[in-house]
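Following: one structure in structure tokens, then a few remarks.
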Amino acid sequence: MDKTQGLKVTRRSILKTIPALSAISAGSSFFTKAACAQEPLEDGYTICDNCNQMPMCGIHFQRQGNIVVSVGNWKEHSGKLLCNKALATLQRLYNPNRLLYPMKRTNPKGSADPGFVRISWQEALATIAANMKKIRDQYGAEKLFIFCGDPKEPRPAAMRLARYFGTYHYGTESSVACRKGSLLAEQLVFGSEYSGGGCGPKTKSYMVMATNGAWSKPHGWWNMINAAKQRGVKIIVIDARRTKVAELADIHLQPKQGTDAALGAGICRVLFEEDLYNKPFCDKWVYGVEEYRNYCKDFTPEKTEAITGVPADLIVKAARM
Ligand code: SF4
């Protein structure tokens, strides 16, 4: 059955719900309120399944009739800090463009209107199977790449499908998109995971740039940075916003939007001028250091302040830290 029928969500109720989705406030437990039905407001508790099997954070929601109108932290639950993915649940649930059943393109690719029409699961599966057979007959089974994104539950089945079909080309979102590429690069360049690993035991200062891990990574990363703060690691946050992470900062630099590269050059100029960088490491591993040093010469603290709006003395202080 069409899920929209099950939930009795009409286009009208969706349109009423969506404006409320922008009313997100970091401090409130309930961050979305939809002024929809006249039904009584009821509380409910559930588990977030956005990360699949774990960490299963707790959700406290409110509903009016069959409409979920707010989603927030379940304060008594051990995983009580929802991340951005969970906080966007209502957008996901009620987005009018959400895919709910198989759709087939009826106009050629590149057409202004793809002409999608709804088809049955039977037709969808038969079409896919026929195309897979065509690929195998024409080019060989190994020319097919089977990719399985999130959720993760169908992965074993997709793997078996790839194996029995005869292709060894199987991939998942975790193998290509979920930071695996950057983790591999870190391992190749530094010999271990670096930014992903957070503060090491010898870390004395830690720079966070344009990320609000209190919301996007409320468990591992947020615990890591709080523990680091407690053991005396100095924290520099570069973010135009006053985030929860910025509240931990010893130095908070707030550049105007789009000027972060200039701020970086201004900080690096101080590092170069005062010989505060790891020269043996750069000599061994970094390309273009001399070119970058020359480029940064222009970015005096005063000029960097004029571009970014960050006070010159703070730029120098952060670089020295
Ligand atoms: S980390 Fe975020 S997406 Fe994952 S279970 Fe918790 S709230 Fe849901």
Side-chain angles (χ1 to χ4, degrees), residues 3 7 9 17-18 20-34 42-63 66-95 97-100 147-158 171-183 186 193 195-199 206 208-229 237 239 241 243-248:
K3 285 188 187 168
L7 278 169
V9 178
T17 305
I18 284 173
L21 300 179
S22 57
I24 293 174
S25 125
S28 64
S29 167
F30 291 105
F31 67 100
T32 48
K33 291 273 183 208
E42 285 180 76
D43 289 291
Y45 297 87
T46 189
I47 300 297
C48 176
D49 70 347
N50 279 308
C51 281
N52 312 111
Q53 301 90 347
M54 53 88 69
M56 295 188 180
C57 303
I59 290 182
H60 177 189
F61 66 91
Q62 289 183 311
R63 68 182 184 123
N66 281 333
I67 311 278
V68 182
V69 296
S70 73
V71 172
N73 298 326
W74 177 356
K75 291 205 174 97
E76 293 76 27
H77 193 275
S78 55
K80 58 175 180 268
L81 283 174
L82 298 182
C83 75
N84 287 355
K85 276 200 289 182
L87 293 175
T89 297
L90 292 196
Q91 279 121 309
R92 190 165 55 100
L93 207 51
Y94 297 131
N95 189 312
N97 295 321
R98 180 175 173 184
L99 194 58
L100 295 167
F147 182 88
C148 194
D150 249 325
K152 300 177 176 71
E153 280 80 5
R155 288 181 186 174
T172 70
E173 138 280 336
S174 299
S175 57
V176 292
C178 195
R179 287 202 69 242
K180 200 65 189 169
S182 54
L183 293 181
E186 285 170 4
E193 285 176 19
S195 61
C199 296
Y206 189 74
V208 183
M209 193 160 177
T211 185
N212 182 13
W215 279 41
S216 59
K217 291 168 273 188
H219 301 289
W221 191 91
W222 181 235
N223 292 340
M224 175 282 292
I225 196 155
N226 274 289
K229 176 82 185 171
V237 171
D239 200 321
R241 305 161 300 172
T243 60
K244 213 166 159 50
V245 178
E247 285 170 16
L248 295 181

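Both counts, for ligands and for their atoms, begin at 1 and track the order of listing.
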Asn50: numbered ligand 1 atoms lying under 4.0 Å from its heavy atoms: 3 (S)
Heavy-atom closest contact (Arg155 atom, Cys148 atom, distance): CG-SG, 3.7 Å
Pairwise side-chain contact, Trp222 with Val245, heavy-atom cut-off 4.5 Å (strictly under): yes
Side-chain donor/acceptor of Tyr94 to backbone N/O of Ile67, under 3.5 Å: no
Counterpart residues, side-chain hydrogen bond (donor to acceptor under 3.5 Å, both in side chains), relative to Asp239 (two or more places apart): Arg241
Ligand 1 atoms in contact with Lys85 (distance to a heavy atom under 4.0 Å): 3 (S)
Residues, nucleotides or ligands: over 12 heavy atoms within 6.0 Å of Lys229 NZ: yes
Atoms of ligand 1, numbered as shown, that sit under 4.0 Å from any heavy atom of Ala86: 7 (S), 8 (Fe)
Leu82: numbered ligand 1 atoms lying under 4.0 Å from its heavy atoms: 7 (S)
N/O/S atom of Cys48 inside 2.8 Å of atom 8 (Fe) of ligand 1, strictly under: yes
Cys83 near atom 6 (Fe) of ligand 1 via N/O/S, less than 2.8 Å: no
